[in-house]
Amino acid sequence: MSSAPNGLHQYPIVQAPMAGGGSCPPLAAAVCEAGGLGYLAGGYKTADGMYQEIKRLRGLTRRPFGVNLFVPQTTSVDPAAVEAYRGQLAGEASWYEISLAPEDTVGTCDDGYDAKLAILLEDPVPVVSFTFGCPPAEVLSALRQAGTRTVVTVTSVEEAKAAQDAGADCVCVQGIEAGGHQGTHRDDPHLDGTAGVGLLALVGLVREAVALPIVAAGGIMRGSQIAAVLAAGAEAAQLGTAFLACPESGADPAHKKALTDPLFTHTELTRAFSGRPARGLVNRFMREHGPYAPAAYPQVHHITSGLRKAAAAAGDPQGMALWAGQGHRLARPLPAGQLVEVLAAELAEAQRVLQMLKMRSAS
């Protein structure tokens with residue numbers, strides 16, 4: 001059996017782990033039951049919160065699933081820049097009638113990583129993926145010995161090689177089109193993330209450089225696009241924005257509506273909400289604060305947390321982090337299981353057409 005996650009499920013369709021509420025047990029279960037691979041997002045949860053979601057998911061499906069972890073950040077942050085940005089957001093706090101988190105309560109940088117990893121080693125799940133870095137070889141080896149397949153998110157050939165050297169079972173190749181955070185292993189404060197590579201080009205480059213199975217992610221919304229990345233060398237496609245619009249998704253209703261709202265015409269990469277480059281629908285908050293946001297993750301994430309919650313409570317998408325990939329206008333608010341079936345049918349049709357064209361060219 002292939003060491004890629006798609007060896008665990010019927011279709012080469014993976015529901016992306018979307019931290020912050022999008023991924024949840026009902027969504028992951030529906031995807032798994034329909035023949036895809038569903039994911040839970042361990043990021044931004046306590047270790048016990050992650051474990052409770054795992055238990056709930058196990059009660060909804062007996063099929064394999066995955067859990068994603070954020071690798072702890074080691075990049076140094078300029079405290080003065082963080083405080084300056086806090087001052088920049090004072091008007092937002094006043095508008096939403098909240099107080100910004102004090103400097104000493106903006107949260108830790110490790111996201112409870114060690115405690116979460118300990119749980120996943122003690123009570124293994126079928127797949128564990130990592131974002132924002134590659135764990136050391138001993139961690140990947142321990143998970144493999146526990147019966148877990150490991151996936152490392154990569155955004156470059158160099159990161160893919162590092163994942164292979166560390167002993168990962170698979171790489172999730174993330175193109176610049178992807179919604180949410182760019183999973184770069186190191187956040188260069190001198191770059192804004194726009195220098196990333198498009199998915200098809202990146203899949204081809206990584207395919208030439210490493211022998212690991214590839215899961216392709218970034219802007220994929222239709223079965224024909226899944227066929228394209230499979231033809232380029234991937235073994236499966238990972239979709240986030242496509243599943244964000246599903247009724248089972250935990251995304252805020254205003255976020256779901258915004259995906260196809262003509263008011264939101266395009267996406268951009270921004271540090272405005274978290275301090276790390278992340279792709280979202282361009283709204284007022286992004287336009288006003290993005291140019292001033294420092295490279296300070298997760299400090300900025302914690303500072304803006306209350307603002308984002310207040311905006312959501314007020315039903316104000318102009319103050320929310322509306323994470324979305326470049327293909328967001330193609331979102332379909334179908335039940336997740338039905339969406340998997342539609343994507344699989346579209347994939348089969350695209351592959352049939354490609355095979356027919358191949359036969360014609362050979363004759």
Side-chain angles (χ1 to χ4, degrees), residues 5-6 8-42 52-68 125-127 129 178-180 215-227 229-230 236-262 264 280-281 312 315 317 320 322-351:
N6 65 309
L8 298 172
H9 47 96
Q10 180 180 359
Y11 301 123
I13 298 171
V14 179
Q15 165 247 310
M18 296 170 283
S23 293
C24 58
L27 177 62
V31 171
C32 292
E33 287 295 301
L37 179 68
Y39 259 104
L40 294 177
Q52 295 304 319
E53 284 208 343
I54 291 172
K55 290 201 299 183
R56 185 181 175 198
L57 179 54
R58 285 173 170 157
L60 296 173
T61 182
R62 299 174 64 90
R63 299 192 177 185
F65 62 90
V67 175
N68 176 261
V125 299
V127 182
S129 69
V215 175
I220 301 173
M221 303 292 289
R222 295 287 188 265
S224 57
Q225 295 170 299
I226 298 174
V229 296
L230 297 185
Q238 180 169 288
L239 295 76
T241 306
F243 285 105
L244 200 63
C246 295
E248 298 93 338
S249 157
D252 188 274
H255 190 168
K256 295 182 181 183
K257 181 181 179 182
L259 294 175
T260 54
D261 187 337
F264 299 97
L281 301 174
M320 299 167 59
L322 303 173
W323 302 140
Q326 289 183 339
H328 64 94
R329 299 301 288 272
L330 298 174
R332 297 175 284 199
L334 300 173
Q338 183 181 348
L339 180 57
V340 171
E341 294 170 356
V342 169
L343 289 167
E346 292 173 344
L347 168 60
E349 175 61 16
Q351 291 177 322

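In this text the structure is predicted, and so the values were computed from the model without any measurement.
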Might you point out which heavy atoms bring S129 and N68 nearest each other, and give the distance in Å? OG-ND2, 2.8 Å
d(R222 CZ, I220 CD1) to nearest 0.5 Å is 12.5 Å
Below 4.5 Å, heavy atoms only, C-beta onward: do H328 and L244 meet side chain to side chain? no
Between C246 and K256, which heavy-atom pair has the shortest distance, and what is it? O-NZ, 2.9 Å
Residues that R58 engages under salt bridge (Lys or Arg N to Asp or Glu O under 4.0 Å), provided they are two or more places apart: D123
Without swapping roles, check the side chain of Q15 against the backbone of V31 for a donor-acceptor pair under 3.5 Å. no
Please check if the side chain of T61 supplies one atom and the backbone of E33 the other of a donor-acceptor pair under 3.5 Å. no
Between atom CG of L57 and atom CD1 of I54, what is the distance when rounded to the nearest 0.5 Å? 8.5 Å
Are any of the side-chain heavy atoms of V125 and L40 separated by less than 4.5 Å? no
To check you understand the geometry: which heavy-atom pair defines the closest contact between A237 and V215, and what is its length? C-CG1, 4.2 Å
Within-4.5 Å side-chain heavy-atom neighbours: P17 and Q238: yes
For S23 and M18, indicate whether the former's side chain and the latter's backbone hold a donor-acceptor pair under 3.5 Å. yes
Do L239 and L343 have side chains that get closer than 4.5 Å, going by heavy atoms? yes
Nearest heavy atoms of S249 and F243, plus distance in Å: CB-O, 3.6 Å
Give the minimum heavy-atom separation between L322 and P317, together with the two atoms involved. CD1-O, 3.4 Å
Would you say that Q326 contacts M221 through its side chain, given a criterion of any heavy-atom pair below 4.5 Å between the two side chains? no
Any chance you could measure E53, atom CD, to C24, atom SG, to the nearest 0.5 Å? 7.5 Å
Is there a side-chain contact between V340 and Y11 (heavy atoms, below 4.5 Å)? yes
Check whether any side-chain N or O of E346 sits under 3.5 Å from a backbone N or O of G223 as a donor-acceptor pair, and report yes or no. yes
From OG1 (T241) to CG (L281), nearest 0.5 Å: 8.5 Å
Between atom CG of L259 and atom CZ of F264, what is the distance when rounded to the nearest 0.5 Å? 10.0 Å
Has the side chain of H255 got a donor or acceptor atom that lies under 3.5 Å from a matching backbone atom of W323? yes
Tell me whether Q338 contacts the main-chain N or O of P335 through its side chain, where contact means a donor paired with an acceptor under 3.5 Å. no
If I compare all heavy atoms of P64 with all of L37, which pair ends up nearest, and what's the gap? O-CD1, 3.6 Å
